[in-house]
Novice: 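This is the structure, below, for whatever I ask next.
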Amino acid sequence: MATLIPVFGDQLSHGLSSLAGQDKKACVILMAEVDEETEYVPHHKSKMVYILSAMRHHADDLRSAGWTVDYVKLTDAENSGSFTGEIARAIERHKVSALCVTEAGEWRVKAMLDSWPDRFDIPVEIRPDDRFLCTHAEFESWTKDRKQLRMEFFYRDMRRKSGLMMNVDKPEGGQWNFDAENRKPAKRDFAMPKPLHFAPNAVTQDVIQMVESRFAGNIGDTAKFGFAVTREDALRQQKHFLDHALPSFGDYQDAMLTGEPFLWHSILSPYINSGLLDPLDLCRAVEVQYRAGKVPINAAEGFIRQVIGWREYVRGIYWHAGPEYVESNALAATRPLPEFYWTGKTDMHCLSQAIGQTIEHSYAHHIQRLMITGNFALLAGLNPKEVHKWYLAVYADAYEWVELPNSLGMSQFADGGMLASKPYAASGAYINRMSNYCSHCRYDVKQRTGPKACPFNALYWEFIARNEVKLRKNPRMAMPYKNWERMTDADKVALRAHAQQFLEKLG
Ligand code: FAD
Ligand code: DLZ
Ligand code: SF4
């Protein structure tokens, strides 16, 4: 009799809790490519190639480590199409006496796991996912008695808990946060490291062929597929980042440049989220670089804040907010997602750059997601659920627990401020300050109305005016409302009319 251990596509870690302490000879690991997972959103082709190829390589790694792995491919004739169906079939194939699984990463899959004890007449053990620094219970207790949940205070607790960048009980460098030093614009002639490109091997090529034929209509291009699909190669990209990009990561974290999708970012999120890389090991390696004098403090602290601060915080919010979080729409935004989000075909250069590289690489960095595609959606009043599904589909690192709070909460303010203290709304001036996009655009970022006016400008004021009742009382919105009040009525009318005209054409 065997214990069956299902391992999902975001559980590709050798130290996974469901494997800990098990007798390898008495267990069968089940990994399954299933329709249900490939179809809950129309995933980018490269995202699918990445996950399925990484799953196939991980199955081989587990076998080399002495495990028995039963691997079901998407094309297997008997494939039932769901995790639950595949467990039922595996129970028939192997004499299974118990199930052991690491908890699911999202509400949808959690509901499946919770149905298994009733469905299968054997004991089901669900173990906590210990690849995170903060447990569910710790996050819940942190939220108790707080009027507002804010990342900064949570982050300080995570620094204390992990000991990262700490001198006993004081933050290294005398302050917790060096964000003010992380907002430099970049220039085209700066030397930038490119992320490593991993040429697809035979396994990945098989997956590419399968995805290209089965999901021909999905967004994306696999021609330049170059993600790592093994832990070994993901570690190569980690080292490459530490040696070449991390030193400038802090300075240019918010910068954007035409034709430069990666800048000094790590491009490690797909590997961290699927389990190939361990986030705490990565943070410790970043600290080692800092302590060795190889990277400045604003780079090391800035990077570590993203991982043990933001990443842990959004996971906490996701589970704290509950399965209904996805329905939030505090600003009552209803406009459908414009077609150009799927094609990149728009004359707004910033959007065509951010979306174009998303189609090509299944990647865009944080400020592109937040201040270009997200900001436009917020200003134009796009339906937040449609926006969420787009982000979940197009990025190789997208799993609902991390994507939803970022898109619905941080970028669309659809949760009314549960996650962030104010909407990340900005006019063209911000984009012009942080990028060179505007100098390549047919619109003039300095103009607010007229045929050449940058659409972000009028849309910004339209957003301010449209949401006045909901946002005016927010102390962090005092300045925009003061500026709005200072405008003449004629200016206000002209700006709103220009924005309305633009929105009508948008559909
Ligand atoms: P770097 O800039 O090198 O940052 C280092 C690491 O910090 C990342 O790899 C990631 O693990 C972590 N990180 C940074 N910011 C965040 C954040 N806000 N939330 C969680 N982790 C963070 N990140 C995802 O991993 N998956 C998503 O589906 C996702 N969707 C997003 C949607 C929107 C609208 C926005 C605004 C952000 C989203 N993010 C998401 C956060 C962030 O944009 C990505 O983590 C980052 O761009 C990944 O690229 P990188 O590895 O080069 O990151
Ligand atoms: C994203 C994804 C895709 C496209 N396909 C699979 C799959 O066929 N099998 C699998 O185990 N996981 C896949 N994944 C990742 C899962 O969606 C993710 O692991 C679940 O959402 C668990 O929370
Ligand atoms: Fe984007 Fe406006 Fe700049 Fe064009 S001018 S790139 S639309 S911000």
Side-chain angles (χ1 to χ4, degrees), residues 6-12 31-41 43 47-48 50-52 55 72 74 83 86 104-106 108-110 151 195 241 245-246 249 253 262-274 277 279 282 302-307 309-315 346-353 363-374 376-377 387-388 391-392 394-408 410-412 424 427-432 435 437-447 452-457:
V7 169
F8 307 132
D10 60 351
Q11 299 186 337
L12 310 182
M31 296 179 72
E33 301 172 2
V34 291
D35 288 342
E36 208 168 39
E37 298 307 304
T38 55
E39 289 172 3
Y40 59 80
V41 285
H43 300 284
K47 176 185 182 187
M48 269 193 282
Y50 165 65
I51 292 173
L52 300 184
M55 282 175 64
V72 182
L74 207 55
F83 284 145
E86 284 315 290
E106 62 188 89
R108 181 182 58 85
V109 181
K110 180 183 185 313
M151 196 289 292
F241 167 69
L246 179 61
F249 171 85
Q253 204 177 328
F262 307 114
L263 298 145
W264 289 268
H265 291 274
S266 67
I267 333 298
L268 292 175
S269 50
Y271 314 136
I272 302 172
N273 294 347
S274 64
L277 292 182
L282 169 59
F303 188 86
I304 287 170
R305 175 161 24 92
Q306 305 313 312
V307 178
W310 279 112
R311 186 171 182 273
E312 295 278 338
Y313 179 67
V314 299
R315 179 185 187 245
T346 162
D347 56 9
M348 290 174 277
H349 183 69
C350 51
L351 279 160
S352 84
Q353 281 286 303
Y363 177 82
H365 68 71
H366 186 68
I367 291 301
Q368 293 175 308
R369 298 187 204 195
L370 186 64
M371 300 311 293
I372 306 292
T373 45
F376 182 84
V387 173
H388 139 63
Y391 282 108
L392 187 56
V394 301
Y395 292 114
D397 58 22
Y399 300 87
E400 196 183 78
W401 68 265
V402 52
E403 172 277 329
L404 187 68
N406 269 300
S407 62
L408 204 92
M410 190 189 301
S411 100
Q412 300 305 293
Y424 283 91
S427 68
Y430 172 86
I431 297 171
N432 194 31
S435 77
Y437 288 156
C438 303
S439 56
H440 296 79
C441 188
R442 89 152 189 81
Y443 293 107
D444 180 350
V445 71
K446 299 266 179 337
Q447 292 186 35
K452 287 207 74 191
C454 165
F456 280 82
N457 294 337

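Numbers here simply count residues along the sequence, with the first being 1. As the structure lists them, so they are numbered: ligands from 1, and atoms in each ligand from 1.
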Novice: Checking the N or O distance criterion of under 3.5 Å, is ligand 2 in contact with Tyr399?
Specialist: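 No, there is no polar N/O contact under 3.5 Å.
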
Novice: Which pair of non-hydrogen atoms, one from Met151 and one from Trp310, has the smallest distance, and what is that distance?
Specialist: CE-NE1, 3.4 Å

Novice: With only distance considered, is His366 within less than 3.5 Å of ligand 1 through an N or O on each side?
Specialist: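 Yes, since at least one N or O of His366 sits under 3.5 Å from an N or O of ligand 1.
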
Novice: Minimum heavy-atom separation for Glu86 and Ala32, please, with both atom names.
Specialist: CG-CB, 3.9 Å

Novice: Under a 4.0 angstrom heavy-atom cut-off, which atoms of ligand 1 come close to Leu370?
Specialist: 36 (C)

Novice: Over all heavy atoms of both residues, which pair between Gly105 and Asp10 is shortest? Give the atoms and the distance, please.
Specialist: CA-OD2, 4.2 Å

Novice: To which protein heavy atom is atom 23 (N) of ligand 1 closest, and what is the distance rounded to 0.1 Å?
Specialist: Val402 CG2, 3.7 Å

Novice: Closest non-hydrogen protein atom to atom 40 (C) of ligand 1, residue and atom name please, with distance?
Specialist: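 Nearest protein contact, heavy atoms only, for atom 40 (C) of ligand 1 is Arg369 NH1, 3.5 Å.
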
Novice: Under 3.5 Å, side chain of Thr38 to main-chain N/O of Asp35, donor-acceptor pair present?
Specialist: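 Yes, because the side chain of Thr38 sits within donor-acceptor range (under 3.5 Å) of the backbone of Asp35.
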
Novice: Quick one: which ligand 1 atoms are inside 4.0 Å of a heavy atom on Phe303?
Specialist: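 Numbered from 1, ligand 1 contributes 3 (O), 5 (C).
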
Novice: Considering only the protein, which heavy-atom contact is closest to atom 45 (O) of ligand 1, and what is its distance?
Specialist: Ser269 CB, 4.2 Å

Novice: Would you say Phe249 contacts ligand 1, with heavy atoms under 4.0 Å as the rule?
Specialist: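 Contact present.
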
Novice: What do we get for Met55 next to ligand 2 when only non-hydrogen atoms under 4.0 Å count, side chain, backbone, both or neither?
Specialist: side chain

Novice: Of all the atoms in ligand 1, which lie at a distance below 4.0 Å from a heavy atom belonging to Met410?
Specialist: 18 (N)

Novice: Near Ile272, which atoms of ligand 1 are under 4.0 Å from a heavy atom of that residue?
Specialist: 9 (O), 11 (O)

Novice: Under 4.0 Å, heavy atoms only, figure out whether ligand 2 is touched by the backbone of Arg108, its side chain, both or neither.
Specialist: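 Looking at Arg108 and ligand 2, just side chain atoms fall under 4.0 Å.
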
Novice: Rounded to the nearest 0.5 Å, what's the gap from OG on Ser266 to NE2 on His365? Could you check?
Specialist: 12.0 Å

Novice: Find all atoms of ligand 2 within a distance of less than 4.0 Å from any non-hydrogen atom belonging to Ile51, and give their numbers and elements.
Specialist: 1 (C), 2 (C), 14 (N)

Novice: As an exercise, identify every atom of ligand 2 less than 4.0 angstrom from a heavy atom of Met48.
Specialist: 4 (C)

Novice: Would you call Asp397 and Arg369 a salt bridge, using N to O less than 4.0 angstrom?
Specialist: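 So Asp397 pairs with Arg369 through a salt bridge.
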
Novice: Under a 4.0 angstrom heavy-atom cut-off, which atoms of ligand 2 come close to Val34?
Specialist: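 Counting from 1, the qualifying ligand atoms are 7 (C), 8 (O).
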
Novice: Tyr40 near ligand 2, heavy-atom distance under 4.0 Å?
Specialist: yes

Novice: Using modelled atom types only, decide if a donor and an acceptor are shared between the side chain of Lys47 and the backbone of Leu392 within a distance under 3.5 Å.
Specialist: yes

Novice: What residue and heavy atom of the protein are closest to atom 21 (N) of ligand 1, and at what distance?
Specialist: Arg311 CB, 3.4 Å

Novice: For ligand 2, which atoms sit closer than 4.0 Å to a heavy atom of Ala32?
Specialist: 7 (C), 8 (O), 9 (N), 10 (C), 11 (O)

Novice: Checking the N or O distance criterion of under 3.5 Å, is ligand 2 in contact with Ala104?
Specialist: no

Novice: Take the angle between the ring planes of His440 and His349 and call it parallel below 30°, perpendicular above 60°, tilted in between.
Specialist: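 Answer is parallel, since the angle falls under 30°.
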
Novice: Answer yes or no for Tyr395: is there a heavy-atom contact with ligand 1 below 4.0 Å?
Specialist: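 So Tyr395 does not count as touching ligand 1.
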
Novice: Around atom 33 (C) of ligand 1, find the nearest protein heavy atom and jot down its residue, atom name and distance.
Specialist: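 So the nearest neighbour among protein heavy atoms is Asn406 CB, 3.7 Å.
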
Novice: Can you name the nearest heavy-atom pair linking Asn457 to Gly428, along with the distance?
Specialist: OD1-N, 2.9 Å

Novice: Does the side chain of Ser269 pick up a donor-acceptor pair with the side chain of Tyr363 at under 3.5 Å?
Specialist: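 Not at all, the side chains of Ser269 and Tyr363 share no donor-acceptor pair under 3.5 Å.
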
Novice: Strictly distance-based, threshold 3.5 Å: is any side-chain N or O of Gln306 a donor or acceptor partner for the main-chain N or O of Gly302?
Specialist: yes

Novice: Looking at His365, which atoms of ligand 1 are within less than 4.0 Å of one of its heavy atoms?
Specialist: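 Those of ligand 1 that fall under 4.0 Å from His365 are 47 (O).
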
Novice: Can you name the atoms of ligand 1, numbered from 1 with element, that are less than 4.0 Å from a heavy atom of Val307?
Specialist: 6 (C), 7 (O)

Novice: What are the two closest heavy atoms between Cys350 and Tyr437, and how far apart are they?
Specialist: CB-CD1, 3.4 Å

Novice: Assess Tyr363 for proximity to ligand 1: is some non-hydrogen atom of it under 4.0 Å away?
Specialist: yes

Novice: Output, by chain and residue number, all protein N/O/S atoms separated from atom 4 (Fe) of ligand 3 by less than 2.8 Å.
Specialist: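 Protein N, O or S atoms closer than 2.8 Å to atom 4 (Fe) of ligand 3: Cys441 SG.
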
Novice: Which of the numbered atoms in ligand 2 are under 4.0 angstrom from any heavy atom belonging to Gly105?
Specialist: 23 (O)

Novice: Verify, without hydrogens or angle tests, whether Gln368 (side chain) and Thr373 (backbone) share a donor-acceptor contact under 3.5 angstrom.
Specialist: no

Novice: Among all protein heavy atoms, pick the one closest to atom 2 (O) of ligand 1 and tell me residue, atom and distance.
Specialist: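 The closest one turns out to be His265 ND1, 2.7 Å.
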
Novice: Is it true that a side-chain atom of Tyr391 and a backbone atom of Gly374 form a donor plus acceptor pair closer than 3.5 Å?
Specialist: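 Yes.
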
Novice: By number and element, which atoms of ligand 2 are closer than 4.0 Å to a non-hydrogen atom of His43?
Specialist: 1 (C), 4 (C)

Novice: N/O to N/O below 3.5 Å, does that happen between Gly9 and ligand 2?
Specialist: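 In this structure, Gly9 places an N or O atom under 3.5 Å from an N or O of ligand 2.
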
Novice: At a non-hydrogen distance cut-off of under 4.0 Å, which region of Leu74 contacts ligand 2 (side chain, backbone, both, or neither)?
Specialist: neither

Novice: Going by distance only, is there an N or O of Leu268 that falls short of 3.5 Å from an N or O of ligand 1?
Specialist: yes

Novice: What's the shortest distance from atom 16 (C) of ligand 1 to any protein heavy atom, and which residue and atom give it?
Specialist: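 Result: Trp310 CB, 4.0 Å.
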
Novice: How long is the straight-line distance from NE2 of His388 back to OG of Ser411, given to the nearest 0.5 Å?
Specialist: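 So the gap between those two atoms works out to 12.0 Å.
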
Novice: Under 3.5 Å between any N/O of Ser407 and any N/O of ligand 1: does that happen in this structure?
Specialist: no

Novice: What protein heavy atom sits nearest atom 22 (C) of ligand 1, and how far off is it?
Specialist: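 So the nearest neighbour among protein heavy atoms is Gln306 O, 3.8 Å.
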
Novice: Looking only at the aromatic ring of each residue, does the gap between the centers of Tyr50 and Tyr395 stay below 6.0 angstrom?
Specialist: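 Aromatic pair excluded; centres sit 6.0 Å or further apart.
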
Novice: So, does Pro270 sit close enough to ligand 1 that a heavy atom of it is under 4.0 Å from the ligand?
Specialist: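 No.
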
Novice: Heavy-atom contacts with Ala364 under 4.0 Å: which atoms of ligand 1 show up? List them by number with element.
Specialist: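 The list of qualifying atoms is 47 (O).
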
Novice: Taking distance alone, with N or O pairs closer than 3.5 Å, would you say Ile267 contacts ligand 1?
Specialist: yes

Novice: Which bit of Glu400 is near ligand 2, meaning a heavy atom under 4.0 Å away: side chain, backbone, both or neither?
Specialist: neither

Novice: At less than 4.0 angstrom from any non-hydrogen atom of Asn273, what atoms of ligand 1 do you find?
Specialist: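 The atoms of ligand 1 under 4.0 Å from a heavy atom of Asn273 are 24 (C), 25 (O), 26 (N).
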
Novice: Could you check Glu36, Glu400, Glu37 and say which one makes a side chain to side chain donor-acceptor pair (under 3.5 Å) with Arg108?
Specialist: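 Considering Glu36, Glu400, Glu37, a side chain to side chain donor-acceptor pair (under 3.5 Å) with Arg108 is found only for Glu37.
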
Novice: If you take all heavy atoms of Lys110 and Ala104, which pair is closest and at what distance?
Specialist: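 Scanning both residues, the minimum pair turns out to be N-CB, 3.4 Å.
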
Novice: Heavy atoms only: which of Glu37, Glu86, Lys110 lies closest to atom 5 (N) of ligand 2?
Specialist: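 The option holding the nearest heavy atom is Glu37.
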
Novice: In this structure, is the centre-to-centre distance between the rings of Phe8 and Tyr399 below 6.0 Å?
Specialist: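 No, too far apart.
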
